[in-house]
Amino acid sequence: MEIVFLGTGCPVVSTERYGPAQLVLGQGAKVLVDCGSGVTQRLLAAGAPGRDLDALLLTHLHSDHLVDLYQLIVSSWHQGRDRPLPIYGPPGTRRYVEGLMALWEPELSLRIAHEKRPSIEALKIAVTEIAAGQSLSLGGLAVQVVEVDHQPVRHAFGFVFEEKGERLVLSGDTRRCAALVAAARGADLLVHEVFIHREMPVIPGVRSAETVASVASYHTLSDEVGKIAAEAGVKALALTHFVPPACDRAALLAEVAADFGGALILAEDLLRIDLTARRVAYGSAVLALGGGDVTAVSR
């Protein structure tokens, strides 16, 4: 099993960290988790264009996690996809997808009529709304849906992927959450969001003290995430969904490593972690994924 970080950012626009998205590769399955800005370009760079996806899982319906969904659908069609894209998401996903396709219907109808492509099956979206505790089977991947705490968002999920004895846990967007800690216990890799509070100062006209406090309240602070990984007893921790996208990486590493002694990775866009081969790859750099010996991969 392998994970490719397609986008490690957040709603704050960054040229280095695109919108939230991960690609999980298993036996006979290419599964996209979330669909943030720039995901179609990152999929292509990762060697897995939208045409080849077996499913899309949505953690929740915040815009930064699904803003490029229509682009994914249309670009996959242009790439020759010949089957509907299965989308699994929280309650409200069907309404969102139907509304999105209705919004673009005039443009899409014009394209279909004018471009005369061999198939329009890729434009027939298959939505399944999921619930906490539900299990999915995607190729060789067994997926467990975990409810996380991203209030006031009503439905927010993390996912546990299992294949051939390997366990990969994705937190989604959440504050500290007992259900996630329990689901991640003993996992080979926990992929967790992080909010670097000291890097989010008050800026008049941009964000107030109340803004910072409110955003922090439904994310996991950088001084908490290491404790969560340690409590869960995971073998490795990869941080993503960096808020803000640019931060003092050395300070963040030191802060998290003070609480977590396992392998620690600050994910970058297009960084890959192969759980089967126990390695981390980013550009030309390849490092072993072992107990505490991976701390960061330089840009």
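Computed from a predicted structure; not experimentally measured.
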Got a donor-acceptor contact below 3.5 angstrom from the [X] side chain to the [Y] backbone?
{"X": "Arg167", "Y": "Phe161", "result": "no"}
{"X": "Thr220", "Y": "Val225", "result": "no"}
{"X": "Gln134", "Y": "Ala131", "result": "yes"}
{"X": "Trp77", "Y": "Ser119", "result": "yes"}
{"X": "Gln79", "Y": "Arg51", "result": "yes"}
{"X": "Lys227", "Y": "Asp223", "result": "yes"}

Under 3.5 Å, is there a donor-acceptor pair linking the side chains of [X] and [Y]?
{"X": "Glu255", "Y": "Ser222", "answer": "yes"}
{"X": "Glu129", "Y": "Thr93", "answer": "no"}
{"X": "Gln22", "Y": "Thr240", "answer": "no"}
{"X": "Thr8", "Y": "Arg17", "answer": "yes"}
{"X": "Ser214", "Y": "Thr211", "answer": "no"}
{"X": "Ser109", "Y": "Glu105", "answer": "yes"}

Step by step, would you call Asp274 with Leu25 a side-chain contact (heavy atoms from CB on, under 4.5 Å)? CA-CA 9 Å; Asp274 187 329; Leu25 303 171; over 6 Å; no
Any salt bridge linking [X] with [Y]? Criterion: basic side-chain nitrogen under 4.0 Å from a carboxylate oxygen.
{"X": "Arg111", "Y": "Glu107", "value": "yes"}
{"X": "Arg83", "Y": "Asp54", "value": "yes"}
{"X": "Glu166", "Y": "Lys164", "value": "no"}
{"X": "Glu147", "Y": "Arg154", "value": "no"}

Run the salt bridge (Lys or Arg N to Asp or Glu O under 4.0 Å) test on Arg81 and Glu121 for me, step by step, so that the C-alpha distance in whole Å, both residues' side-chain angles and the decisive distance to 0.1 Å come before the verdict. CA-CA 8 Å; Arg81 187 179 181 89; Glu121 289 300 305; over 6 Å; no
Please examine the side chains of [Y] and [X], heavy atoms only from C-beta on, and report whether any two atoms are closer than 4.5 Å.
{"X": "Arg175", "Y": "Glu224", "answer": "no"}
{"X": "Val169", "Y": "His192", "answer": "no"}
{"X": "Asp269", "Y": "Leu6", "answer": "no"}
{"X": "Arg278", "Y": "Asp188", "answer": "yes"}
{"X": "Leu136", "Y": "Phe159", "answer": "no"}
{"X": "Leu69", "Y": "Ile87", "answer": "yes"}

Look at the rings of His62 and His60 and say which category their plane angle falls in: under 30° parallel, 30 to 60° tilted, over 60° perpendicular. perpendicular
Lys/Arg cation over aromatic Tyr18: Arg42, 6.0 Å, 45° cone: yes
Taking the six-membered ring for Trp, are the ring centroids of His155 and His150 within less than 6.0 Å of each other? no
Could you walk me through whether Gln144 and Ser135 pass the side-chain hydrogen bond (donor to acceptor under 3.5 Å, both in side chains) check? CA-CA 5 Å; Gln144 187 78 17; Ser135 297; 2.7 Å; yes
Under a 4.5 Å side-chain heavy-atom rule over Ile, Leu, Val, Met, Phe, Trp and Tyr, are Leu239 and Val234 clustered together?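 Yes, same cluster.
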Residues 28-38, side-chain donor-acceptor partners within the protein, below 3.5 Å, at least two apart:
| unit_1 | atom_1 | unit_2 | atom_2 | d |
| --- | --- | --- | --- | --- |
| Asp34 | OD1 | Thr59 | N | 2.9 |
| Asp34 | OD1 | Thr59 | OG1 | 3.2 |
| Asp34 | OD2 | Thr59 | OG1 | 2.9 |
| Asp34 | OD2 | His65 | ND1 | 2.8 |
| Ser37 | OG | Gly19 | N | 3.4 |

What verdict does the side-chain contact (heavy atoms from CB on, under 4.5 Å) test give for Leu266 and Phe242, after you've listed the backbone C-alpha separation in whole Å, the side-chain angles of each residue and the deciding distance to 0.1 Å? CA-CA 9 Å; Leu266 301 190; Phe242 291 83; 4.1 Å; yes
